[in-house]
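Single-structure report; data block below.
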Amino acid sequence: MSYEHQKIEKYWQNYWKDHKTFEVTDDSDKPKYYVLDMFPYPSGAGLHVGHPLGYIASDIITRYKRLCGFNVLHPMGYDSFGLPAEQYAIKTGKHPSIATQENVTRYREQLENLGLSFDWSREVKTSDPSYYKHTQWIFLKLFNSWYDLDLDKAREIKELISEFENSGNSNIKSTHHCEVSFTHVQWKNFNEKEKEDILQCYRLAYRAQTSVNWCPELGTVLANDEVKEGFSVRGSHPVFQKSMMQWCLRITAYAKRLLEGLDNINWSDSLKEMQRNWIGRSIGAEIDFNIENSDESIKVFTTRADTIFGATFMVLAPESDYVEAIVTADQKQAVNEYLEKTQKRSERERIAEVKKVSGVFSGAYCVNPFTQTKIPIWIADYVLGGYGTGAIMAVPAHDSRDYSFAKHFNLPIISIIKGADVSESSLDAKSGTLVNSGFLDGLDVKVAIKVAIEEVEKRSLGKSTTNYKLRDAIFSRQRYWGEPFPIYFEDGIPRALAEDKLPLELPEVDKYLPTQDGEPPLARATFWKTDEGHPLEYSTMPGFAGSSAYFLRYMDPNNTESLVSKKANEYWRDVDLYVGGVEHATGHLLYSRCWNMFLYDLGYICEEEPFKRLVNQGMIQGRSNFVYRVKGTNKFVSLGLIDNYDTMQVHVDVNIVKNDILDVEAFKSWMPEYKDAEFILEGSDYKCGYAQEKMSKSKYNVVNPDKICNEYGADTLRLYEMFLGPIEQSKPWNTNGIEGVYRFIQKYWKLIETELVDSEPTQDELKVLHTAIKKIKADLEVLSLNTSVSAFMICVNDLTKLKCKNKSILKDLTILLSPFTPHLCEEVWKKMGMKESISFASFPKLNEAYLVESNYSYPISVNGKMKFLLDLPIDLGKDDIEKVVMENEKVKQLIGDKTVRKLIIVPKKIVNLVL
RNA sequence: GCCCGAGUGGUGGAAUUGGUAGACACGCUAGACUUAGGAUCUAGUGCGCAAGCGUGGAGGUUCAAGUCCUCUCUCGGGCACCA
């Protein structure tokens, strides 16, 4: 009888549900293991074949760890606040929660069809008030905290206030943007408004008038990681810079810890590198340049203090506060014109015109503190106002940007590196020997940097400084479908809502659009006020708010008192394995680490880093098909003939295309506008174009897993997705190889279906089994799941050849296989008459004695000549082998008194070739 | 421009990290069973008629290189006027 996957898979899925097989508690003696998937945004399109790749891999590890005796937490939920649901609501007028709930239901069903062993009792939805209560609670904590650089941790704001009351702010080292210093007496005399304005400069969540990424199309501001090359990541709309009052998170306070924490977690190098780049630490110095005929000086930041003797001019960012102060009367007009011009440019234009050199002379000069020469001060937009001090010393000989600026405006270029030819281009490399540099002459660049900084400090010209590219995160969005801020305004002063008022639930509104005055949608709710009548904040939180601590909530999802209880947190601690896409590298993964560190600082949780190990599954790309429409007509030209026509490329549903040949009739009925379409064919066929692209609804290239589950079964899909290649690699979806995996399942079923015997297994059978155990166990540890599928195939082929009917062998093999194909294995288990579900069996023990031992004996050769074979103990490391060999009597005899120049140890398997 | 990562048969991809390159699977070829198709099974399958040659290319280290080093080409990803 062949294997009826549909019936069997349904049966076991229901069985698991009814028996609550995968529910876990924190009252266990077993060691814990936490496997987490990045929870999905429940979009209307449902799951496609790309989603399950990570889910299947993590499910396999989950089931494997259970077999190894761990109490495994493996939860799932939904990141259910988001733009598409809101846009759908704008279109239909229906509340976004309705569409969201429909999508969630569909996702749940699809996930269950894959046989994923989630503990569904822990499901969370970020848009659920019982969940976002805790998101709001964390926000309140951030609002009520500041960062103490002395203790290097966040502290409560009331402790800061009492410091202010005792001694003002001069002794406080903090990450802040407060520009005034005051005594405790002054503090006490400030009014409420003034006090809050100062506190805002210290709070970890604060309001600030900042230049933000404004996307008019979406009607909201965006965070830096939501913008790419001047366009919004979602929807690809142009983004402009605009100055607005916004909520911000002081993530910069954590820059150092976020950077250094990377050294101690097991993430891929590329991902760590991305975060490092994003945080962007550079170590250098701030140096003061005196302005000529003035008591003022300009502070510049540089990582190349060694090049100071080559600094021939200075450049200020257009936004710099110095500009106003230094510009001379006769240059005033030119400068103003330039400032106006740069301000008008959008972010997009600025990026596009990177290569264009522009700038204006301010008329003022400053003095190079080392050479005492007078150097001109310029203003140019290649210097950024937001980084460093917004001013640089330009060293055209050794910085390519300064170089092209100097060439363009004919400014002097002085090389300070020996032998450098700067007639054509600058020499940017951090290497070489210094010349023309006074006390630095003859030093190597790397040494000179240090010496120069020391000298700067000694002469009180400045100090060594570290700068980060990381910017504070913009935290408010002018949208409806997000968490409301637990903030109200009293006489224009932002105040925190009391914790017992949470959750502050989203109000009902008549429309999901901004008001006519351009206020966010929440302003439509006229009752959006506190009980005392104070207006509440109109903005809502951004998408990453709900996902920045969800992994903590899973530990204790039904706790109505707090985000997570101490007990649950101390048991589950952190995520042992986190699986998800790279696209969250500088967004979610950075914010999550930051929030986690913050909650750790305040003592709510016990681990500083949330994700011990992280694996990025690759994207499964779609294969899109195109038809070619003759412009302005309803005629379509086959691919081979498009050169003869003026055509435009149109995506066509891949489900009505087979082997790139279009099903013409299906196309006509696909969309009403194509009903009367005409075709210009090649022979009798219409050939479509194709491309590899991201799987997306708008490209009509989505292949969803339901079809494959029906046809081949979830177990086959699970195996096949793993077999496709390394988990981290992106690859196009194609079903070419799925037959092979399907055949494997049939073969395996055939093996089990025969009458099994309860006898001693043979040596050969044991060898096959234990080879598989060894290989698969090793593969599971490093998530090399594609090769473990191969190992199963080899094992089953070998056992088939051996005509194995041995019950104990096949039982162990089934356990081994069960993480991969759980339905099948449960069925086999039942067939064998085992009472207990395999989920709770233990992983088969490896007995190395059954493995091939010949790998472990070595011929020894001295000075390149093969001498003799020497058997060595199993499992020696390379160094151990050498030690054992050198102490061996035979070897000592052979070598005698001679000094060994080289001793070579070769595995036995290649001896024949070498001898 | 800078920083990562990767280039292996017709295809997806293996290779215990320096030790018989191409495991496993797809595809293909031949055969068996079948009225036929499908399914299944058996054998073969890197290239070359051969000696030989083969892991993008050119050098190098080594008894031994897909793996290490130098240069170079191509592709993918990230950052991008960050001083």
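Here is the naming used below: chain letters follow the sequence lines, and residue numbers restart at 1 for every chain. Note that these values count all heavy atoms, side chains included, but never hydrogens, waters or copies made by symmetry.
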(message) Could you tell me the Watson-Crick or G-U partner of B:rC47, where both distances fall under 3.5 Å? Say none if there is no partner.
(response) B:rG52
(request) Please check if atom CG in A:Asn847 has more than 12 non-hydrogen atoms from other residues, nucleotides or ligands closer than 6.0 Å. (result) yes
Do any N or O atoms of the protein come closer than 3.5 Å to N or O atoms of nucleotides 7-15 of chain B, and which pairs are they?
unit_1	atom_1	unit_2	atom_2	d
B:rG12	O2'	A:Leu724	O	2.8
B:rG13	OP1	A:Gln729	NE2	2.4
B:rG13	O3'	A:Asn786	ND2	3.4
B:rA14	OP1	A:Asn786	ND2	3.0

(message) Mind checking if A:Asp269 touches a base, just sugar-phosphate, or nothing, with heavy atoms under 4.0 Å?
(response) nothing
(request) Go ahead and name the base partner of B:rG18; Watson-Crick or wobble counts if both distances stay under 3.5 Å, otherwise write none. (result) none
(request) State which of B:rC79, B:rA83, B:rC4 makes the closest approach to the side chain of A:Trp278. (result) B:rC79
(request) Quick one: closest heavy-atom pair of A:Leu258 and A:Leu590, and the distance? (result) CD2-O, 4.1 Å
(request) Determine if the base of B:rU17 is syn or anti; take syn to mean the glycosidic torsion is within 90° of 0. (result) syn
(request) Please state the P separation for the pair B:rU8 and B:rA58 - nearest whole angstrom. (result) 16 Å
(message) Tell me whether A:His398 contacts the main-chain N or O of A:Ile416 through its side chain, where contact means a donor paired with an acceptor under 3.5 Å.
(response) yes
(message) Does either side chain, that of A:Ser784 or that of A:Thr787, offer a donor lying less than 3.5 Å from an acceptor on the other one?
(response) yes
(request) For the pair A:Arg276 and A:Asp263, find out whether any cationic side-chain nitrogen is under 4.0 Å from an anionic carboxylate oxygen. (result) yes
(request) Between B:rG18 and B:rU61, how far apart are the C1' atoms? Round to whole Å, please. (result) 12 Å
(message) For A:Ser282 and A:Tyr387, which I'm curious about, is there any donor-acceptor pair between the side chains at under 3.5 Å?
(response) yes
(request) Using the C1' atom on both, measure B:rG59 against B:rC49 and round to a whole Å. (result) 33 Å
(message) Rounded to whole Å, please give me the gap between CH2 in A:Trp267 and P in B:rG5.
(response) 18 Å
(message) Under a 3.5 Å cut-off for both contacts, is B:rA30 paired Watson-Crick or G-U wobble with anything, and if yes, with which nucleotide?
(response) B:rU42
(message) Rounded to the nearest 0.5 Å, what separates atom OH in A:Tyr748 from atom CG in A:Leu799?
(response) 10.0 Å
(request) Using both distances under 3.5 Å as the test, list the Watson-Crick or G-U wobble partner of B:rA25, or none. (result) B:rU11
(request) Return no unless some side-chain N or O of A:Thr586 is found under 4.0 Å from OP1 or OP2 of B:rG78. (result) no
(request) May I have the distance from A:Tyr742 (atom OH) to B:rA25 (atom P), rounded to whole angstrom? (result) 18 Å
(request) In whole angstrom, give the distance that lies between atom CG of A:Leu271 and atom P of B:rC79. (result) 12 Å
(request) Can you tell me, in whole Å, how much space there is between the C1' of B:rG38 and that of B:rU45? (result) 24 Å
(request) Return no unless some side-chain N or O of A:Tyr382 is found under 4.0 Å from OP1 or OP2 of B:rA83. (result) no
(request) Would you check, one step at a time, whether the test salt bridge (charged side-chain N to carboxylate O under 4.0 Å, His left out) holds for A:Glu424 with A:Lys407? (result) CA-CA 10 Å; A:Glu424 291 297 325; A:Lys407 279 277 176 190; over 6 Å; no
(message) Considering every strand and a 4.0 Å limit on heavy-atom distances, what is the contact class for A:Ile392: base, sugar-phosphate, or nothing?
(response) base
(message) Using whole Å, what does the distance between atom C1' of nucleotide B:rC81 and atom CD of A:Glu319 come to?
(response) 12 Å
(request) Please say whether the positively charged group of A:Arg743, taken as NZ for Lys or CZ for Arg, lies over the ring of A:Trp749, i.e. under 6.0 angstrom from the six-membered ring centre and within 45 degrees of the axis. (result) no
(message) Please report the distance separating the C1' of B:rA64 from the corresponding atom of B:rG76, rounded so that it comes out in whole Å.
(response) 33 Å
(message) Quick check on A:Asp321: does its CG atom have over 12 non-hydrogen neighbours (other residues, nucleotides or ligands) under 6.0 Å away?
(response) no
(request) Please state how far atom CZ in A:Arg471 lies from atom P in B:rC79, giving the value in whole angstrom units. (result) 16 Å
(request) Report yes or no: do A:Thr175 and A:Tyr254 form a side-chain donor-acceptor pair below 3.5 Å? (result) no
(message) Between B:rU55 and B:rG13, how far apart are the two C1' atoms, rounded to whole Å?
(response) 13 Å
(message) Tell me the interatomic distance from A:Tyr712, atom OH, to B:rC26, atom P, rounded to whole angstroms.
(response) 12 Å
(request) Assign B:rG9 to syn or anti; the rule is syn for a glycosidic angle within 90° of 0 and anti otherwise. (result) syn
(message) Can you tell me the base-pairing partner of B:rA36? Count Watson-Crick or G-U wobble geometry only, both distances below 3.5 Å, and say none if there is no partner.
(response) none
(request) Determine the Euclidean distance between corresponding C1' atoms of B:rU72 and B:rC28; express it in Å to zero decimal places. (result) 37 Å
(message) If I take atom CD1 in residue A:Ile279 and atom P in nucleotide B:rA80, what distance separates them, rounded to the nearest angstrom?
(response) 14 Å
(message) Pairing check on B:rG5: which nucleotide meets the Watson-Crick or G-U wobble criteria with it, both distances under 3.5 Å?
(response) B:rC75
(message) Between A:Ser400 and A:Asp428, is there a side-chain donor-acceptor contact under 3.5 Å, judged purely by atom types and distance?
(response) yes
(request) Could you give the distance separating B:rG66 and B:rG7 at their P atoms, to the nearest angstrom? (result) 14 Å
Please list, pair by pair, any protein nitrogen or oxygen found under 3.5 Å from a nitrogen or oxygen in nucleotides 37-46 of chain B.
unit_1	atom_1	unit_2	atom_2	d
B:rU40	OP1	A:Arg743	NE	3.3

(message) Expressed as a whole number of angstroms, how long is the span from A:His398:NE2 to B:rC81:C1'?
(response) 19 Å
